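The structure appears right after this line, and notes come after that.
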Amino acid sequence: MLRFTAILFFFLLSLLSVFKAPTNLLWYVEILVTEFPWVFLLIEIVLLIWGFKTQRFQTAGSLIALISILLYLSPVIKAYRIAGNLKSELVKSFPVNAPQNDKKPFQFFKMMGGIGAKSIPFKKLIYTLEGQQPLSLDFYPSQKKGVKPCVIVVHGGSWAGGDSRQLPELNSYLSKKGYHVASINYRLAPRHVSPAQVTDIRTAIEFLRLKAAELNIDSNNFVLLGRSAGGQLVLATAYTEYDPSIKGVISFYGPADLVWGAQNPASLWVFDSNKILEDFLGGTYTKSPQIYAAGSPINFVTAQAPPTLLLHGQNDVLVAYEHSIRLQEKLAQKGVPHFLLTLPWATHGFDYTLNGPGGQLSTYCVEQFLKNVTSQ
């Protein structure tokens with residue numbers, strides 16, 4: 001009976017490999033299930049083997065275990081399918097200005113390598129003083145000598161939380177690949193409403209431009225990268241003021257259309273997305289629809305917008321996948337080079353580990369995108 005109960009429990013968890021998490025707690029579990037599937041696979045295999053030593057519920061338990069194994073394998077199978085065409089699709093989307101990445105976009109055994117790259121030491125720099133509040137950034141210097149491009153990373157956290165130390169593994173990875181990385185802090189809602197955060201990003205860019213000689217930064221080669229709320233901020237920054245030094249923008253599951261988002265809120269079982277938008281924008285959609293339009297990057301896409309890389313999971317329950325679909329359509333209309341990496345199994349925060357199915361594929365795309373737009 002113990003075996004059957006355990007199998008049933010892990011079967012229910014395996015459903016998160018294909019279905020959206022219905023609650024906030026299960027969203028966290030879904031990240032583990034879909035980005036560390038090998039752990040759950042091993043557990044189910046052990047439970048399946050255990051069935052040969054017991055008679056009670058043996059057949060039913062073994063059948064359910066086999067179904068669970070297939071469900072846990074589904075992100076891996078889908079990742080291999082995406083990986084097969086990924087290199088050619090990226091070449092089609094962006095000019096080939098640099099050698100193509102020879103590594104495979106996805107490898108099964110790499111999933112067992114932990115969360116990500118070994119940490120690179122960084123320097124904390126104050127880039128501006130807003131009243132009595134200093135704003136800082138974490139600067140990860142390129143591990144390759146010479147003047148190098150700089151990736152500016154903007155954290156998520158519903159515009160009201162998070163900081164520059166969020167998911168730092170990619171920062172160290174890119175540093176090893178020859179990019180400077182500046183992971184910034186910015187003013188938070190509800191005390192500071194939009195567009196204060198975009199102003200902070202622009203201030204950080206100017207600070208890094210002024211420090212370019214000292215930090216060995218190529219001041220004509222910046223790329224903006226943001227996650228979630230940070231994705232909205234980098235898109236807004238890149239699209240609302242033409243800056244030729246911004247060679248590209250990367251959004252991990254960022255909300256691109258806040259009007260659509262207000263009209264199609266997330267489930268309250270997950271989180272109160274309308275309250276978050278109200279705090280960030282300083283008003284409700286009903287009373288002030290214009291501030292939602294002004295905060296929507298999709299409304300500012302022009303033919304001069306920089307090349308754009310979008311990465312989004314179809315099972316995202318915090319920021320709907322529809323945001324990236326709508327932005328992709330607008331970018332296509334304006335003729336802006338772009339690529340949307342669609343991960344059918346993935347939820348919000350799939351890049352928690354660089355070695356999961358979503359983490360490997362997204363890191364591959366980011367690395368190749370940076371090579372192309374910065375000519376590295």
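Being a predicted model, the structure only gives us computed values, none of them experimental.
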Determine whether His348 and Phe252 make a side-chain contact, defined as any pair of heavy atoms from C-beta on separated by less than 4.5 Å. no
Can you find a pair of side-chain heavy atoms, one from Ile120 and one from Gln143, that are under 4.5 Å apart? yes
side-chain hydrogen bond (donor to acceptor under 3.5 Å, both in side chains) between Asp351 and Tyr253, worked out: CA-CA 10 Å; Asp351 56 324; Tyr253 40 84; 2.5 Å; yes
For the hydrophobic clusters of this structure (ILVMFWY residues joined by side-chain heavy atoms under 4.5 Å, transitively), does one cluster hold both Ile43 and Leu12? yes
So CD of Glu367 and CG of Leu170: to nearest 0.5 Å the spacing works out to 9.5 Å
Smallest separation among heavy atoms of Cys365 and Leu341, with atom names: SG-CD2, 3.9 Å
Let me check something: do Val33 and Leu70 share a hydrophobic cluster, defined by ILVMFWY side-chain heavy atoms less than 4.5 Å apart, either directly or through other members? no
Once rounded to the nearest 0.5 Å, what's the spacing between atom NZ of Lys287 and atom OH of Tyr292? 11.0 Å
Side chains of Leu90 and Tyr364: closer than 4.5 Å at any heavy-atom pair? yes
Closest heavy-atom pair and its distance - Ser164, His155: N-CD2, 3.9 Å
Mind running salt bridge (charged side-chain N to carboxylate O under 4.0 Å, His left out) on Glu206 and Arg209 for me, showing each step along the way? CA-CA 5 Å; Glu206 290 307 312; Arg209 206 189 310 274; 3.0 Å; yes
Separation between CD1 (Ile7) and CG (Leu47), nearest 0.5 Å, reads 5.0 Å
Do Ser183 and Asp138 have a side chain donor and acceptor closer than 3.5 Å? no
What distance do Arg191 atom CZ and Gln133 atom CD have between them, rounded to the nearest 0.5 Å? 6.0 Å
Working to the nearest 0.5 angstrom, can you tell me the gap between Thr363 OG1 and Asn355 CG? 8.0 Å
Phe94 vs Phe339 aromatic rings, parallel, tilted or perpendicular, using cut-offs 30° and 60°? perpendicular
Could you tell me if the side chain of Ile31 sits less than 4.5 Å from the side chain of Thr353, heavy atoms only? no
Go through the steps to decide whether Thr237 and Val249 satisfy the test side chain to side chain contact (heavy atoms under 4.5 Å, CB included), and finish with yes or no. CA-CA 9 Å; Thr237 304; Val249 58; over 6 Å; no
In Å and rounded to the nearest 0.5 Å, what is the CZ to OG distance from Phe139 to Ser175? 8.5 Å
